Each structure stands twice: as structure tokens, then as C-alpha cells.
Amino acid sequence: MLASLKRLWQNPLTAYYLALVILIILAWFARGFLSLALFTIIFIYLGNAAIGGLERRLPLPHGLMTLLVYLVFLGILVAAFAQIIPPLVSEASNLPHTVERLIQTYPQLESSAKKLMTNLSQNASVVSNGKAIFTSGIGKLSRLSSGVETIVLAFFFSFIFNLTKPQLQRFVHAFTLSRFAKLFVPMGQLIATFVQIFGTVIETQLLICTINTILMVFGLWLLKMPSLLILGIMVFFLGLIPVAGVLISLIPLDIIAFVTGGLLRLVEVLVLVALIHMFESYFLHPRLMANATNLPIFVTFITLIVSEQIFGAWGLIVGVPLVAFFLKVFDVNLTTPTATHTKKSAA
């Protein structure tokens, strides 16, 4: 019995899959920190790519280069939000005057609105549902503030990680020389594999956001919407947030559309956003994710649907790299038969 267990432990695959099981268990117990972990990985990956690219061109110390990259990134974020917030506040302040002008133009709207409010106030179920909606809205606002806090913490953690990267590399290397190196080495390999795949997906998501922003700005230009640069910046940054980003971007877009063009332009903007969102969800996202991970488009599409149900909005980002990661772990070769046949013919 002991001899069989010893032979099993000496098999390299045993330590490899044991490390995988341990990582899955740790990830399950840490699932409450999923958003913080994923945002941190995203910022680390993007920051590391920028720092590495600049270090190959500029002979500056690693610490100074890291500080420079993060200051520039932070400056871009501050400048973007400084351009976005004032116009939105201005348009929102004009909203009551626009509603008043709309009522003066269409007097029947006022009487219809009063009659509707009277009927709703007399309906007990509507009142109770209204209270529930209000409570839910307060809860969503609190989660939004928590989300902002998560992003700030992730940005700070990624900065510390990239700043102290040489020390962290020595720290991790020490585990590979320890008594349980046979277990720690495959754990490190598995983590590195997932981060690499996840980084590829993040690059693809940035490309999707760029294409969506271009399409949205072009559509808003056709609708003669004002402040296209500001709206484009807002759509790009909010597009990095799966699903929720589209819903959040609708609020300022609808306000500006209603203030500048009334109900007609509001409907036009809603139709434009719906069309672009459908194009992204049913064509662009599955196609580009499939190209990035070598997964068939059908498998990518099913993965996006299932992972969104399991992980929520984050499933649209995490699902595809998880499937690609497990295929890599189980040594599934995703090269096309044509490419394989070509290689054999050449040999």
C-alpha cells in the first residue's frame, strides 16, 4: 500500500493535478474577493505590459518607470472624468426646464401624468412595489460605491505589485527550493498559465471596447448628438465593465438625448445602444474571443451564456479564459486539422 502511494506521489501528474485541486479550493473559499482579485490581475497585466515595453526603450530604473506609468495612467483617468462629469451635471440641471417646455408644448401630457400618479397612489401593490424598488435602488447605489472602492484598491495593489516585482520574484522563487517544491512549482505554472490566457482575453476586451466606442460615436454623430468626444471617452471606460457598463452609460446618454432632442432623440439613442449591444453580444464578442483562445465560435458562445449565469457579469470575462485554461491543463490540442496536416506534409 505504501509502495503504491509512493509511486503515485512520484508521478509528476499527481502533484500537477493536486496543485490544481488546491487552487480550485482556495479560489472557492476566496470567491467573495473575486472582483478585487480580477481587477487586480487586470491592472497588474496592463501595468506590467506598459512597464516592460517602456523599459526596452528607456534606460530608467524599474521603480521610477513603474511610478511614471501609473502616474500617467492615473492622470488619464482623472482627465477623462474631469471632462465627463461637468457636462453631465450641466445637462442634468437643465432637465427640469426641458420637462417644463415639453409639458408646455404638449399640455395633454400633464393631465395624463396626474391621472397616472393618482391611479398608482391608490394601488397598494404598486406602492409596496415602489418601496421595494426604492430599497433595491439604494442597495445598488451602495454596491456601486463598493465597486469604486474595489477598483481603487485593485489599482493600489497592482501598483505595489509592479513596484516590488523583483522582490516578489525572489520571494516566489524561494518556494521552488523548499521541501514542498514538487507541489509549489506546478501551482506557479498553473497560475502563470491562467494569467497569460486571462491577459489575452483582456487585450481582446479592450479591442471590443474600442470597436464599440467607434461604432457608438459614429452613430451618435449621425443622430447629431453633442459632446461626441466626452461621450466616446465615457462609453469606452464604461464598456470595460461587463453588462453593467452598458446600463450605466445609458443614464447620461438618455439625459443628454432627452435634453437636446426630446423624446424622438431619446428613442433613437435607445435603439442605437440596443443594436450595438446586440452586435457585440451575438457576433463581435464570441468571434474575437474565439480567435483569441482558439475555441470554436459555438463553444465560445455557449461558454459566455453559461458562465454569465454562474458568475454573473464577470462570467463574460472569466468564462472563456477558464475553459481555455482547463483545456490547456488537460493537454487538449486546439490546433486546426488543416494546420496539423500541413505540418505533417512538410515533415
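None of these values were measured; they are calculated from a predicted model.
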Taking the side chain as every heavy atom from C-beta outward, state whether [X] and [Y] have any pair of such atoms under 4.5 Å apart.
X    : Y    : value
V329 : L20  : yes
L322 : I197 : no
T66  : K165 : no
L253 : L220 : yes
L183 : I22  : yes
F156 : I160 : yes
L38  : F198 : yes
Y70  : N162 : yes

Measuring from [X]:[atom1] to [Y]:[atom2], what's the distance to the nearest 0.5 Å?
X    : Y    : atom1 : atom2 : answer
Q205 : I208 : CD    : CD1   : 5.0 Å
M187 : K182 : CE    : NZ    : 15.5 Å
L36  : I151 : CG    : CD1   : 10.5 Å
T40  : F33  : OG1   : CZ    : 11.5 Å
L222 : E268 : CG    : CD    : 10.5 Å

Run F157 and F39 through ring-ring contact (aromatic ring centres under 6.0 Å, His included) and show every step you take. CA-CA 10 Å; F157 287 156; F39 272 121; over 10 Å; no
Applying side-chain contact (heavy atoms from CB on, under 4.5 Å), can you list everything that pairs with I191, at least two apart in sequence or on another chain?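 Listed in chain order: L23, V195.
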Is the F180 ring parallel, tilted or perpendicular to the F184 ring (thresholds 30°, 60°)?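 Geometry flag for F184 against F180: perpendicular rings.
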For [X] versus [Y], what's the shortest heavy-atom pair and its separation?
X   : Y   : answer
A50 : V69 : CB-CG1, 3.9 Å
P59 : R57 : CD-O, 4.0 Å
L54 : M65 : CB-SD, 3.5 Å

Residues that F325 engages under ring pair (Phe, Tyr, Trp, His ring centres under 6.0 Å), provided they are two or more places apart: F194
State plainly whether one hydrophobic cluster holds both V235 and I214, where clusters connect Ile, Leu, Val, Met, Phe, Trp and Tyr through side-chain heavy atoms under 4.5 angstrom apart. no
Does one side chain, of Y16 or Q189, offer a donor that lies under 3.5 Å from an acceptor on the other?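 No - no donor-acceptor pair under 3.5 Å links their side chains.
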Residue pairs involving residues 206-218 (criterion side-chain hydrogen bond (donor to acceptor under 3.5 Å, both in side chains); sequence neighbours excluded): N212-E280
